[in-house]
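Worksheet: the structure to be examined is printed underneath.
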Amino acid sequence: MRFSAPRGTHDILPDQQPLWRYVEGKAAEMARRFGYQRIETPEFEDADLFIRSVGQGTDIVEKEMYTFEDKSHDKLSLRPEGTAPVCRAYVEHGMASLPQPVRLYYFAPIFRYERPQAERYREHHQFGVEAIGDGDASIDAEVIEIGWRFIESLGLGRMTLVLNSIGDKECRPAYLQALREHYAKNLDRVCPDCKMRFEKNILRVLDCKRTDFECQVVANGAPKTTDVLCAPCRTHWEQLNSYINALGIPTVHNHRLVRGLDYYTRTVFEIQPPEEGAQSTVLAGGRYDGLIEEVGGRPTPGIGFGIGIERLIGNLKRQGLADAIKAPGVDALVASMGATARTAGLKLASQLRQEGLSVVLAPATKSLKGQLRHADSVQARAVIILGEDELASHTVTLKDMAKSEQTRVSMADVVKAIKGLISSQ
RNA sequence: GUGAGCGUGGCCAAGUGGUUAAGGCGCGGGAUUGUGGAUCCCGAGAUCGAGGGUUCGAGUCCCUUCGCUCACCCCA
């Protein structure tokens, strides 16, 4: 019986690891610069955490969660998004009594039961950032800037920041009513899905992309949240825009940007690459001022985003920025001929590793030629050759693979000689 | 959940229904004694996703099934 990785999942093979480590390193570095600390939460949580926070009517909760019962009949779900678990941890560990805001970031696999397609997976990975405990628009700008500067630091240019405000508990009901009235008048012009959304989750009609009906026309003509924000939301929105502007981040306003999760309030944003792919968004986030309370804490504002690593890496590859990220070779390969030399090589390799060098032993059964070929395949910078001659004279042959030069070095000087050879490159 | 396309050795890939299923990459070995990357030579590795059917004969046609991919939906 042969097995393959479950549908929608993928192995991240050794040749891809340098790229992944590179991206994660850049993310962690950007988080560090902004004073964010890493947090890790479990891969699964109480299912109700997501049902309550993400929202009963959302696709994520309704049909995409990996939910199961364990042997003690607890209902658990594989993490379908990153924010709710962090908020749960914030409340559970009393982070409200820490200096606010609490600045956190994470790397986490995300699980959603969806039909896989280009850059959409059942398990994907996100780098996320959450700032909890400060409702000021300057924190919105800070969080957005982290994402922007991170993407920028990878060399991905020409991205677009799309920004919108969807109001809060004060002004949204009135807006939804206005939206409902607009759609009630145009219901015969929109697609069946929009008719469904009209009943179920009116806000979602705005991001309908169908062109076989008049959804685009109707949505474009719909009232805009940013026109009807209550005074506090309006101030927040205006401040955010002035901050983002001050940071020099180019912005596109899109009144049709809503988001699929129920907990968002006020600020919502995405960062998209220039090409119009089906799954083009690499970063998405927003403010969630009611979420902490929803998961059992005191009313506390928060904002954050998630970045899909697979999509980000896809962009790097498409723009030719991934090729340069390669695994380094090993420092040295030890080749030996004969049983006695083999033992000596084993000892020498061990000694070199304790000196901090990366060393591999050549396959013992191969000819010297084969062992040197192996040195190429592991991109060894140096090769140490041990044979009868070397053993007899207590020396090794040290070969510089780049220069194709070799010298005899006494056993006592091997470490120094190799370190010299490597640092000269 | 809906629709479309595709499944040939580890990877890429040719193959008008007709003898032992090309080729490339990669892998293993070799080209006179203990020396790599180039070149050359040799070699291993495929029940052509699986099952059934049509046919004298099927990788090639039909059906079923599984898988993969892409799009819709939705999302990172």
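Only the C1' atoms considered, B:C72 is 33 Å distant from B:U60, to the nearest whole Å. Here, B:G5 and B:C63 have their P atoms 12 Å apart, quoted to the whole Å. Rounded to a whole angstrom, the distance from the C1' atom of B:A44 to that of B:G30 is 14 Å.
If you check every strand for non-hydrogen atoms under 4.0 Å, A:Ile60 touches nothing. Contacts of A:Asp376 with the nucleic acid, taken as non-hydrogen atoms under 4.0 Å apart, include base atoms. No engagement by A:Phe305 is indicated, since no non-hydrogen atom pair under 4.0 Å with the nucleic acid exists. Within 4.0 Å (heavy atoms only), A:Glu388 reaches at least one base atom of the nucleic acid. Nucleic acid contact for A:Ala284: sugar-phosphate only, since backbone atoms but no base atoms lie under 4.0 Å from a heavy atom of the residue. Nucleic acid contact for A:Leu368: base, since at least one base atom lies under 4.0 Å from a heavy atom of the residue.
Proximity note for A:Arg7 (side chain, C-beta onward) versus B:G36, B:G29, B:U69: the nearest is B:U69. Among B:G36, B:U69, B:C73, the nucleotide with an atom closest to any side-chain atom of A:Lys63 is B:C73. Side-chain proximity of A:Arg373 to the nucleotides B:U35, B:C75, B:G37 is greatest for B:G37.
B:A38 is unpaired under the criterion used here, namely a Watson-Crick or G-U wobble arrangement in which both key atom distances are under 3.5 Å. Pairing partner, B:U20: none, since no Watson-Crick or wobble contact has both distances short of 3.5 Å. Using Watson-Crick or G-U wobble geometry with both donor-acceptor distances under 3.5 Å, B:G15 finds its partner in B:U8. Using N1 to N3 plus N6-O4 or O6-N4 for Watson-Crick, or N1-O2 and O6-N3 for G-U wobble, each under 3.5 Å, B:U32 pairs with nothing. When both distances must be under 3.5 Å, the Watson-Crick or G-U wobble mate of B:C70 is B:G3. Base-pair partner of B:C61: B:G53 (Watson-Crick or G-U wobble, both distances under 3.5 Å). Across all strands shown, B:U47 has no partner, as no Watson-Crick or G-U wobble contact with both distances under 3.5 Å is found.
Taking for each of A:Gly370 and A:Ala380 the nucleotide of RNA chain B with the nearest heavy atom, the 5'-most of the two is the partner of A:Gly370. Nearer to the 5' terminus of RNA chain B, by closest-nucleotide assignment, is the contact made by A:Tyr113 (compared with the other of A:Tyr113 and A:Glu390).
With A:His10 as reference, A:Glu310 is the one residue of A:Glu310, A:Glu123, A:His124 to meet the side chain to side chain donor-acceptor pair (under 3.5 Å) rule.
Remark: side-chain polar atoms of A:Glu81 are paired, donor with acceptor, to backbone N or O of A:Ala84 under 3.5 angstrom. Distance alone, capped at 3.5 Å, places no donor-acceptor pair between the A:Glu24 side chain and the A:Arg21 backbone. Side-chain N or O atoms of A:Asp136 include none that pairs as donor or acceptor with a backbone N or O of A:Ile139 at under 3.5 Å.
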query = side chain to side chain contact (heavy atoms under 4.5 Å, CB included) between A:Phe34 and A:Glu142: does it pass, once the steps are laid out?
reply = CA-CA 8 Å; A:Phe34 283 80; A:Glu142 172 179 298; 3.9 Å; yes
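Here A:His124 counts as stacked on B:A76: its ring centre is under 5.5 angstrom from the base ring centre and the planes meet at under 30°.
The separation between A:Met337 atom CE and B:U35 atom P is 9 Å, rounded to whole Å. Rounded to a whole Å, the CE atom of A:Met401 is 13 Å from the P atom of B:U35. In this structure, CD of A:Glu64 is placed 13 Å from P of B:G1, rounded to the nearest angstrom. The distance from atom CD of A:Gln379 to atom P of B:G37 is 15 Å, rounded to the nearest whole Å. With rounding to whole Å, A:Ile309 atom CD1 is found 16 Å from B:C75 atom C1'. Taking atom CZ of residue A:Phe150 and atom P of nucleotide B:A76, one finds them 16 Å apart after rounding to whole Å.
One finds a side-chain N or O of A:Gln117 lying less than 4.0 angstrom from the OP1 or OP2 phosphate oxygen of B:C72.
Contact record, A:Pro273 with A:Asn315: CB-OD1, 3.3 Å, taken as the closest heavy-atom pair.
You won't find any donor-acceptor pair under 3.5 Å spanning the side chain of A:Lys369 and the base of B:U35, going by distance alone. Contact annotation: side chain of A:Ser404 to base of B:G37, donor-acceptor pair present below 3.5 Å. The base of B:U35 is paired with the side chain of A:Gln406 by a donor and an acceptor separated by under 3.5 Å. Scanning atom types as modelled, one donor and one acceptor separated by under 3.5 angstrom connect the side chain of A:Arg311 and the base of B:C75.
At a cut-off of 3.5 Å, with distance as the only test, no side-chain donor of A:Tyr288 or A:Glu294 sits close to an acceptor on the other residue.
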